[in-house]
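What follows is one structure encoded as structure tokens, with my remarks underneath.
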Amino acid sequence: MLKKKIVFLLGPTGIGKSAVAISLAKKINAQIISCDSMQVYRKMDILTWKVTSGQRKKVKHHLLGMIDPEQEYNVAKYRKAALSICDKLFSKGKIPLFVGGTGLYYSIIVDGLFSAVPQDKLIRAKLEKQLKLKGNKYLYRRLAKVDSAAAAKIHSNDARRIIRALEVYLKTGMRISQLQKNRAGLGKEYEVKIFGLNSKRQSLYDAIDQRVDKMFNLGLINEVKRLVKHKLSRTAKCAIGIRELKGYFAGQYSLAEGKRLMQRASRHYAKRQLTWFRKDKRIQWVSINKSQSPTQVALKLWKKLS
RNA sequence: GCCGAGAUAGCUCAGUGGUAGAGCGCGGCCCUGAAAAGGCCGGCGUGGGGGGUCCGAUUCCCUCUCUCGGCA
């Protein structure tokens with residue numbers, strides 16, 4: 001029996017995944033599933049540098065712009081949606097091609113998510129309050145008492161992870177460090193191919209800076225102005241550019257400074273993405289440079305697939 | 001040409017008679033329901049060149065070079 005094939009195309013922001021993906025998808029009869037925590041949002045097209053409608057006509061894209069920016073989104077929602085699309089594609093004989101740079105979303109698809117313990121608003125609110133009142137060391141000590149293994153893994157300043165670990169314990173009585181061992185990934189019935197795109201650090205950074213410039217030329221300011229009129233969810237407002245432009249709108253600094261901050265944040269983000277992907281030895285890296293067209297890169301990947 | 005100020009980490013600068021720090025940048029790392037988020041770690045740098053004083057100078061003195069401001 002032929003294994004079902006799933007392909008991933010990963011890499012830092014600005015490396016040029018999208019165009020390569022479209023070209024590759026056409027060659028292998030695939031549809032694209034976005035693997036990006038911010039492109040799921042509507043009204044953030046320039047800001048998150050989504051593929052254009054023209055590009056979407058060439059190859060069908062999934063999980064792009066289907067959530068209102070007032071809504072929260074998270075890994076669990078993503079996983080559910082993505083896997084269901086995968087099934088649909090398989091039934092139509094199409095290959096799912098995951099494309100994106102959100103490392104956590106990628107790993108949650110490939111390696112699975114531990115048994116469902118959704119967030120609990122009440123418990124969270126209590127913990128957040130304690131955090132404010134007594135500080136992160138206090139919460140950390142609390143965690144260490146109930147789940148020393150988790151505490152050993154989490155830094156005492158990493159309030160977010162401390163709260164999550166405590167939340168899981170308070171809600172279920174079980175330790176997150178135990179639960180995390182139990183995850184089911186894609187398993188053996190699939191043939192999984194994972195590609196990563198990368199280039200010289202400096203050319204990546206140059207590309208990122210230029211892309212931010214282009215965003216401004218395309219009307220980023222107006223898009224974000226319209227966007228911030230909504231009450232953005234705490235996840236949506238994390239998109240790079242919102243915080244930076246809000247400071248400009250508020251008159252705290254110049255437009256040039258806002259742009260500079262955005263470029264810097266994007267570079268830092270790319271660096272963190274690379275750290276995440278680098279440790280994953282399943283990724284087959286393909287290094288690219290400006291002289292190669294997306295089609296040429298896609299051809300390279302295609303050869304590695306067969 | 002004269003007067004004044006300065007020359008210290010990639011950048012902006014602080015400080016000290018006992019061989020140097022900060023912020024930012026940059027690099028490395030962590031990551032399971034906020035992940036474009038959040039967290040952690042990393043600074044030997046001919047202290048502009050040369051000379052002098054001193055047990056010892058980046059720190060004081062002299063001189064040269066350069067930069068900036070003012071006057072001509």
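Any value given below was found using the heavy atoms of this structure, including those in side chains, with hydrogens, waters and symmetry copies removed. A note on names: the letters A, B, ... follow the listed sequences, proteins ahead of strands, and every chain is numbered from 1.
- Between B:rG27, B:rA35, B:rG33, one nucleotide has an atom nearer to the side chain of A:L104 than all others, and that is B:rA35.
- Comparing B:rG69 with B:rG17, their P atoms sit 31 Å apart, to the nearest whole Å.
- A gap of 15 Å separates the P atoms of B:rU59 and B:rU63, to the nearest Å.
- For residues 63-95 of chain A, the ring pair (Phe, Tyr, Trp, His ring centres under 6.0 Å) pairs, not counting sequence neighbours, are A:Y78-A:Y105, A:F90-A:Y190.
- Which of B:rC30, B:rU32, B:rA34 sits closest to the side chain of A:R161 comes down to B:rU32.
- In this structure, A:Y140 atom OH and B:rC40 atom P are separated by 13 Å, rounded to whole Å.
- Atom pair A:Q71:CD and B:rA34:C1' shows a separation of 14 Å (rounding to whole Å applied).
- To the nearest whole angstrom, the two C1' atoms, one in B:rA14 and one in B:rC3, are 27 Å apart.
- Across B:rA34, B:rU32, B:rG27, the shortest atom-to-atom separation from the side chain of A:K271 is found for B:rG27.
- At a threshold of 4.0 Å, the pair A:R267-A:D206 does not count as salt-bridged, since none of the basic side-chain nitrogens sits closer than that to a carboxylate oxygen.
- No more than 12 heavy atoms of other residues, nucleotides or ligands sit less than 6.0 Å from atom NZ of A:K126.
- A:D111 comes within 4.0 angstrom of nothing in the nucleic acid, heavy atoms only.
- When the shell of 6.0 Å around CZ of A:R42 is examined, it contains more than 12 heavy atoms from other residues, nucleotides or ligands.
- At a threshold of 4.0 angstrom between heavy atoms, the contacts of A:T48 include nucleobase atoms, whether or not backbone atoms are also involved.
- Here A:Q273 lies out of heavy-atom contact (under 4.0 Å) with every strand.
- When the P atom is used for both B:rG6 and B:rG48, the distance is 13 Å, rounded to whole Å.
- Heavy atoms of other residues, nucleotides or ligands lying less than 6.0 angstrom from CH2 of A:W285 number more than 12.
- Going from the C1' atom of B:rG42 to that of B:rG21 covers 15 Å, rounded to whole Å.
- At a threshold of 4.0 angstrom between heavy atoms, the contacts of A:T235 are confined to the sugar-phosphate backbone, with no base atom among them.
- Distances from the side chain of A:H155 to the nucleotides B:rC26, B:rA35, B:rG39 place B:rG39 closest.
- Here A:E167 pairs with A:R124 in a salt bridge; the nearest charged N to carboxylate O distance falls below 4.0 Å.
- Counting heavy atoms of neighbouring residues, nucleotides and ligands inside a 6.0 Å radius, atom NZ of A:K27 exceeds 12 of them.
- Rounded to whole Å, the separation between the C1' atoms of B:rC60 and B:rC55 comes to 16 Å.
- Base engagement by A:L47 is indicated by at least one non-hydrogen atom pair under 4.0 Å involving a base atom.
- With A:W276 as the aromatic partner, A:K279 meets the cation-pi criteria of under 6.0 angstrom to the ring centre and within 45 degrees of the ring axis.
- Considering only side-chain atoms of A:M38, the nucleotide from B:rA35, B:rA34, B:rG39 that sits closest is B:rA35.
- A:D280 has its CG atom 12 Å from the P atom of B:rC31, to the nearest Å.
- Rounded to a whole Å, the CG atom of A:L274 is 15 Å from the C1' atom of B:rC30.
- Here the P atom of nucleotide B:rG25 and the OH atom of A:Y205 are 11 Å apart, to the nearest Å.
- Between the CG atom of A:L113 and the P atom of B:rC31 there is a distance of 16 Å, rounded to whole Å.
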What nitrogen or oxygen pairs link the protein and nucleotides 22-24 of chain B at under 3.5 Å?
{"residue": "B:rC24", "atom": "O3'", "partner": "A:R264", "partner atom": "NH1", "Å": "3.0"}

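- Between the CD atom of A:Q119 and the C1' atom of B:rA35 there is a distance of 13 Å, given to the nearest Å.
- The side-chain hydrogen bond (donor to acceptor under 3.5 Å, both in side chains) analysis of residues 240-252 of chain A, with sequence neighbours excluded, yields no pairs.
- In this structure, A:Y73 reaches the sugar-phosphate backbone alone: every heavy-atom distance under 4.0 Å involves primed, P, OP1 or OP2 atoms, never a base.
- Ranking B:rA37, B:rG27, B:rG39 by closeness to the A:D158 side chain, first place goes to B:rG39.
- In this structure, of B:rG33, B:rC26, B:rC30, it is B:rC30 that holds the atom nearest to the side chain of A:T275.
- Each of A:M38, A:K43, A:K231, A:K237 was evaluated against A:P69; a single residue qualifies, A:K43, per the side-chain contact (heavy atoms from CB on, under 4.5 Å) test.
- Using a 4.0 Å heavy-atom cutoff across all strands shown, A:V168 reaches no nucleic acid atom at all.
- The side chain of A:R124 lies closest to B:rG33, out of B:rG39, B:rC31, B:rG33.
- Among the heavy atoms of the strands lying under 4.0 Å from A:R272 is at least one base atom, whether or not backbone atoms are also near.
- Distance check on atom C1': B:rA9 versus B:rG23 gives 12 Å, rounded to whole Å.
- The residue among A:R164 and A:I240 whose nearest nucleotide of RNA chain B lies closer to the 5′ end is A:R164.
- Rounded to whole Å, the separation between the C1' atoms of B:rA20 and B:rC13 comes to 14 Å.
- What separates CG of A:L179 from P of B:rG33 is a distance of 11 Å, to the nearest Å.
- Counting any heavy atom pair closer than 4.0 Å across all strands shown, A:Y106 reaches no nucleic acid atom.
- In the set B:rC26, B:rC31, B:rG33, B:rC26 carries the atom at the smallest distance from any side-chain atom of A:R267.
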